[in-house]
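What you see below is based on every heavy atom in this structure, not just the backbone, and it leaves out hydrogens, waters and symmetry mates. The first residue in the sequence is number 1, and the count goes up from there.
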Amino acid sequence: MRKQKILIVLFAGSLVLPGVVWAGFSGRFDTENNENRKLAEFPEVNLESLGDFPEQFEAYYKDHVPFKNDLVKFCNFIDTEFFRNTKIGDVVIGEDNWLFYLPEREGENAMADYQKTNVYTLEQSAEIASGIAKVRDWFLNRGVEQFHYYVAPNKETLYSKYMPEKPKVIGIGDSRMETFAKYMKENSDVEFDFLADYLREFTEKYQLFRKYDTHMNNLGGYITNEKIVQDMTGESLPIEDIQVLIGTKPCRGDLSRMIGRYKELNDDREYGLNYFHDGIRYKVKKEESEGGEEILKVFKSNSENEKTLMVIGDSFRLRLEKYMPYRYQKTIFVRIDDFDQELLDKYEPDDVIVITVERDQRYMEKLDSYIIQDSGE
């Protein structure tokens, strides 16, 4: 009987004690959001939503359970160091600790892109191309002079040499985006560019992506920017003609945070660029954000190009913000989810580009619904 009481006390203590410790000392533990998503909020309690409360509370508790980040770090350490796993959640650990983001979900399946198991049929390509052409025509009919769609490659598309043996590439031939880019070149008059081939030429000499992040570094952003500028204006300043400096501070990233090794993986560096666009200056005139994520930015500069450019895209558009404002007197950057016709009417851009990343096929496949969904067309 005494042993049973001891066991009951120990069991009850195991349930209560972590919460008590967390309540008193949570400030000393890692409580940051280490995931590429918004964590669940505490559900509202009312009669109308009472039936959904248990499921919503479970989602909230899973996202906010005491010591979650520290437990995740410990489990990931065991997985990688003892069991030599190369995939933790959506993050793949490659050679020399290169990290890759390969989610497997509808609309954003980078794993299928890498393994070449999701190639479009001709009918699918034709339907997507028709939607992009519809958007192009919609812009041109509203006074836009040039429209161009760019797709930034997944990190593993350019740096597959750092990928581990598993996961293996299953498909043969071109990937989904390579296939679609060829279709666009042969069957559409829309200015469409998958940037993989262009950027691949620079990968032997330069590191274009951050090792521990999903995004390009400053070098990748600059080289991508000058490719776009060449297409839109006929001018560019090659990377070879400016000074490239290697930073001294660690360049960490979202992927290292996702696997609980944000502080440990600190050997990557960001690059600084000097001696370009002398005499041209720009400043941000308007900026809007939501939950720390930028929605809208408006830049003004003393560039000789008097035109206005609007850049619509996912987070990869942000890699152009350091450089594109030198090329236009006014440049507007807007998150694709927040674009509406009022912005077009307000800023009256001469040129429009859309840029999205290879893995997030939702935007390209349904571009018309993101751009002209409220237009009545």
Distance (rounded to the nearest 0.5 Å) between Lys211 NZ and Leu99 CG: 8.5 Å
Please check if the number of heavy atoms outside Glu306 that lie under 6.0 Å from its CD is greater than 12. no
Please report the shortest heavy-atom distance between Val119 and Ser175, naming the atom on each side. CG2-C, 4.1 Å
List the steps and the verdict of side chain to side chain contact (heavy atoms under 4.5 Å, CB included) for Lys155 and Thr214. CA-CA 7 Å; Lys155 185 177 179 180; Thr214 53; over 6 Å; no
Check Met216 against Ala152 and note the closest heavy-atom contact, atom names and distance. CE-CB, 4.2 Å
Does the side chain of Gln207 come under 3.5 Å of the side chain of Asp268 through a donor N or O and an acceptor N or O? yes
I'd like to know whether the aromatic ring centres of Phe192 and Phe180 sit less than 6.0 Å apart in this structure. yes
Test item: Gln230 side-chain N/O and Gly234 main-chain N/O as donor-acceptor pair under 3.5 Å: yes
Starting from the C-alpha separation in whole Å, work towards a yes-or-no answer on side chain to side chain contact (heavy atoms under 4.5 Å, CB included) for Arg327 and Met232. CA-CA 10 Å; Arg327 298 301 198 166; Met232 305 299 287; over 6 Å; no
Point-to-point distance, once rounded to the nearest 0.5 Å, from CD of Glu287 to CZ of Phe299: 7.5 Å
Applying ring-ring contact (aromatic ring centres under 6.0 Å, His included) to Tyr114 and Phe100, what does each step give before you reach the verdict? CA-CA 11 Å; Tyr114 178 71; Phe100 301 90; 8.1 Å; no
Assess the pair Tyr198 and Phe202: is the distance between their ring centroids shorter than 6.0 Å? yes
Exercise: do Tyr120 and Glu365 side chains pair donor with acceptor under 3.5 Å: yes
Under 3.5 Å, is there a donor on one side chain and an acceptor on the other for Asn266 and Tyr212? no
Check the pair Tyr326, Tyr282 against ring-ring contact (aromatic ring centres under 6.0 Å, His included), reporting the backbone distance first and the verdict last. CA-CA 7 Å; Tyr326 288 104; Tyr282 68 79; 5.0 Å; yes
Arg261 and Glu264: salt bridge (Lys or Arg N to Asp or Glu O under 4.0 Å), yes or no, with the steps? CA-CA 5 Å; Arg261 300 181 66 183; Glu264 293 83 354; 5.5 Å; no
Any chain of hydrophobic side-chain contacts (each under 4.5 Å) joining Tyr275 to Tyr206? no
Where does the angle between the aromatic ring planes of Phe147 and Tyr149 fall among parallel (under 30°), tilted (30 to 60°) and perpendicular (over 60°)? perpendicular
How about Glu165: does its CD atom have over 12 heavy atoms from other parts shown lying under 6.0 Å from it? no
Rounded to the nearest 0.5 Å, what separates atom OH in Tyr183 from atom CD in Gln124? 11.5 Å
From CA spacing to verdict: salt bridge (Lys or Arg N to Asp or Glu O under 4.0 Å), Asp197, Arg200: CA-CA 5 Å; Asp197 286 342; Arg200 192 173 285 115; 2.8 Å; yes
Trace of the side-chain hydrogen bond (donor to acceptor under 3.5 Å, both in side chains) decision for Asp254 with Tyr101: CA-CA 10 Å; Asp254 54 1; Tyr101 183 58; over 6 Å; no
To the nearest 0.5 Å, how far apart are CD1 in Ile312 and CG in Asp338? 11.5 Å
side-chain contact (heavy atoms from CB on, under 4.5 Å) partner of Ile239, the single match among Leu237, Ile242, Asp241: Ile242
Crowding at CD1, Ile246 (>12 non-hydrogen neighbours, <6.0 Å): no
Does Lys300 have more than 12 heavy atoms from other residues, nucleotides or ligands lying within 6.0 Å of its NZ? no
Does Val169 belong to the same Ile/Leu/Val/Met/Phe/Trp/Tyr cluster as Met163, with side-chain heavy atoms less than 4.5 Å apart forming each link? yes
Testing the 3.5 Å rule here: is there a donor-acceptor pair between the side chains of Asp351 and Tyr328? yes
Under 3.5 Å donor-acceptor, Asp340 side chain and Leu343 backbone: yes
Same hydrophobic cluster for Trp98 and Tyr262, using side-chain heavy-atom links shorter than 4.5 Å among ILVMFWY? no
